[in-house]
Amino acid sequence: MKLLPVKKKRVYHVIVEQIKSAIEREEIVHGEKMPSERYLAHELSVSRTSVKEAFSVLESAGVVEIKHGSGVYLRKNTKEDLISKMNAIIRGVTVDIVELMELRLAIERDAAYYAAVRGSEMDIQAIYVALRELKNAVLQGHVAAEEDLSFHMAVAKAAGNSVIEKVMYMLSDQVLEGLKESRSNTLIHPKNSQVILEEHRKIYEAIEAGDALEAQESMSNHLHNVKERYL
């Protein structure tokens, strides 16, 4: 039996978990000033250095804004977006959305092409089901990151290339975190949700029609647009 060493939690991870729980309970809401370093250090029985480290990591992740001479403030993002960023910190997953989008573009553009060429009837049906679930989630006003990921994973599977499929599964955690962040930003502008849904529909229809070049272009346009909307 192969065993791996148990990783010890960094103190700042524990502090981030405590802050995340407070946000989930809405004891701290977006835009609000965070408790002071001194207060948190006392309440959590940790050093102020550990609290400072936690705040620094949260600032780098886009969760808080440190205003010198004023204090630390929770950013005015959606609750879901803040929780998603903090989960990424806790799991040790850091996502550079722009770099991730560039990698996805390199992989998924051709995945769509091959899905149109090789996709079986069952593969096409799986993409359709994923699209339908994405639409339902969008209409209910959800972030719909999991549904979005399911659509792209279905396209990757339909490509009939085991390496493409494996790479997408390897990236799935990072892609999901990236989708949560980008789609949370999208919720600020409701019309964008419909635009994104339409982009997914075009990808599906091109694959379903067996039009490989159109599928490739539709996927390319979609991922370029996601990147531009994020920036």
Side-chain angles (χ1 to χ4, degrees), residues 80-81 84 88 93 95-187 189 191-231:
E80 292 78 11
D81 181 45
S84 171
V93 178
V95 180
D96 183 308
I97 301 298
V98 174
E99 290 184 356
L100 183 62
M101 291 309 306
E102 290 173 355
L103 177 59
R104 289 184 61 193
L105 183 62
I107 298 170
E108 295 190 61
R109 180 170 45 194
D110 284 351
Y113 178 96
Y114 291 121
V117 173
R118 303 170 179 162
S120 67
E121 186 176 334
M122 187 176 296
D123 290 331
I124 305 302
Q125 179 64 19
I127 298 172
Y128 171 76
V129 170
L131 176 63
R132 185 180 62 196
E133 291 177 353
L134 175 59
K135 179 179 179 180
N136 290 339
V138 168
L139 292 176
Q140 292 175 44
H142 297 162
V143 174
E146 288 85 357
E147 292 81 2
D148 198 323
L149 176 61
S150 294
F151 177 90
H152 288 274
M153 294 301 291
V155 172
K157 187 175 187 305
N161 182 309
S162 63
V163 177
I164 288 177
E165 188 176 358
K166 286 175 183 175
V167 169
M168 284 298 292
Y169 272 110
M170 288 169 60
L171 293 172
S172 60
D173 282 347
Q174 288 91 335
V175 171
L176 182 58
E177 293 303 327
L179 284 169
K180 285 179 180 178
E181 182 168 348
S182 62
R183 293 191 69 92
S184 292
N185 289 339
T186 297
L187 289 179
H189 306 285
K191 289 183 180 179
N192 281 348
S193 292
Q194 292 301 321
V195 171
I196 294 171
L197 192 60
E198 178 65 13
E199 290 171 1
H200 284 82
R201 184 187 65 79
K202 287 182 178 179
I203 296 167
Y204 162 72
E205 290 184 349
I207 293 173
E208 195 272 337
D211 190 335
L213 292 177
E214 179 62 28
Q216 186 181 49
E217 184 177 357
S218 295
M219 180 65 82
S220 180
N221 288 340
H222 166 57
L223 294 176
H224 273 300
N225 291 340
V226 172
K227 181 180 174 182
E228 290 300 314
R229 281 189 290 263
Y230 176 76
L231 294 173

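Worth knowing before you read on, the calculation uses all heavy atoms, side chains too, and leaves out hydrogens, waters and symmetry mates.
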- Could you go step by step and tell me if Ile107 and Leu171 meet the side-chain contact (heavy atoms from CB on, under 4.5 Å) rule? CA-CA 11 Å; Ile107 298 170; Leu171 293 172; 3.9 Å; yes
Tell me the closest heavy-atom pair linking [X] and [Y], and the distance in Å.
{"X": "Ala116", "Y": "Ala215", "answer": "CB-CB, 4.1 Å"}
{"X": "Ala111", "Y": "Ala159", "answer": "O-CB, 3.5 Å"}
{"X": "Val138", "Y": "Ser193", "answer": "CG1-CB, 3.8 Å"}
{"X": "Met168", "Y": "Ala156", "answer": "CG-CB, 3.7 Å"}
{"X": "Asp123", "Y": "Lys157", "answer": "OD1-NZ, 4.0 Å"}

- Over 12 non-hydrogen atoms of neighbours within 6.0 angstrom of OH in Tyr113: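 Open: at most 12 neighbouring heavy atoms sit under 6.0 Å from OH of Tyr113.
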- Item | More than 12 heavy atoms from other groups under 6.0 Å of CD on Glu198 |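 Result for CD/Glu198: enclosed.
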- Message: For Leu197, run the side chain to side chain contact (heavy atoms under 4.5 Å, CB included) check against Leu139, Asp148, Leu134 and tell me which one passes.
- Response: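 Only one option passes, and that is Leu134.
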[X] side, atom [atom1]; [Y] side, atom [atom2] - distance, nearest 0.5 Å:
{"X": "Glu108", "Y": "Met101", "atom1": "CD", "atom2": "CE", "value": "7.5 Å"}
{"X": "Tyr128", "Y": "Glu205", "atom1": "OH", "atom2": "CD", "value": "11.0 Å"}
{"X": "Leu131", "Y": "Ile203", "atom1": "CG", "atom2": "CD1", "value": "9.5 Å"}

- Message: Would you say Ser220 and Gln216 are linked by a side-chain donor-acceptor pair, where the criterion is simply a distance under 3.5 Å?
- Response: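 No, no side-chain donor-acceptor pair sits under 3.5 Å.
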- Item | Donor-acceptor contact present, side-chain Ser218 to main-chain Glu214, <3.5 Å |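 Looks like yes, one N/O pair under 3.5 Å.
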- Message: Would Phe151 and Glu133 count as a side-chain contact (heavy atoms from CB on, under 4.5 Å) here? Give the steps.
- Response: CA-CA 9 Å; Phe151 177 90; Glu133 291 177 353; over 6 Å; no
- Considering only NZ, NE, NH1 and NH2 on the basic side and carboxylate oxygens on the acidic side, decide whether Lys227 and Glu102 come within less than 4.0 Å.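 The answer is yes: the pair qualifies as a salt bridge.
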- Message: side-chain contact (heavy atoms from CB on, under 4.5 Å), that's the test. Do Tyr204 and Val155 meet it? Break it down for me.
- Response: CA-CA 9 Å; Tyr204 162 72; Val155 172; over 6 Å; no
- Could you label the plane-to-plane angle of the His152 and His200 rings as parallel, tilted or perpendicular, counting under 30° as parallel and over 60° as perpendicular?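 Geometry flag for His200 against His152: perpendicular rings.
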- Message: Quick one, His222 with Ile196, criterion side-chain contact (heavy atoms from CB on, under 4.5 Å). Give me CA distance, side-chain angles, the key distance, then yes/no.
- Response: CA-CA 8 Å; His222 166 57; Ile196 294 171; 4.0 Å; yes
- Message: Quick check: do Arg104 and Val175 have side-chain heavy atoms less than 4.5 Å from each other?
- Response: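 Arg104 vs Val175: side chains touch.
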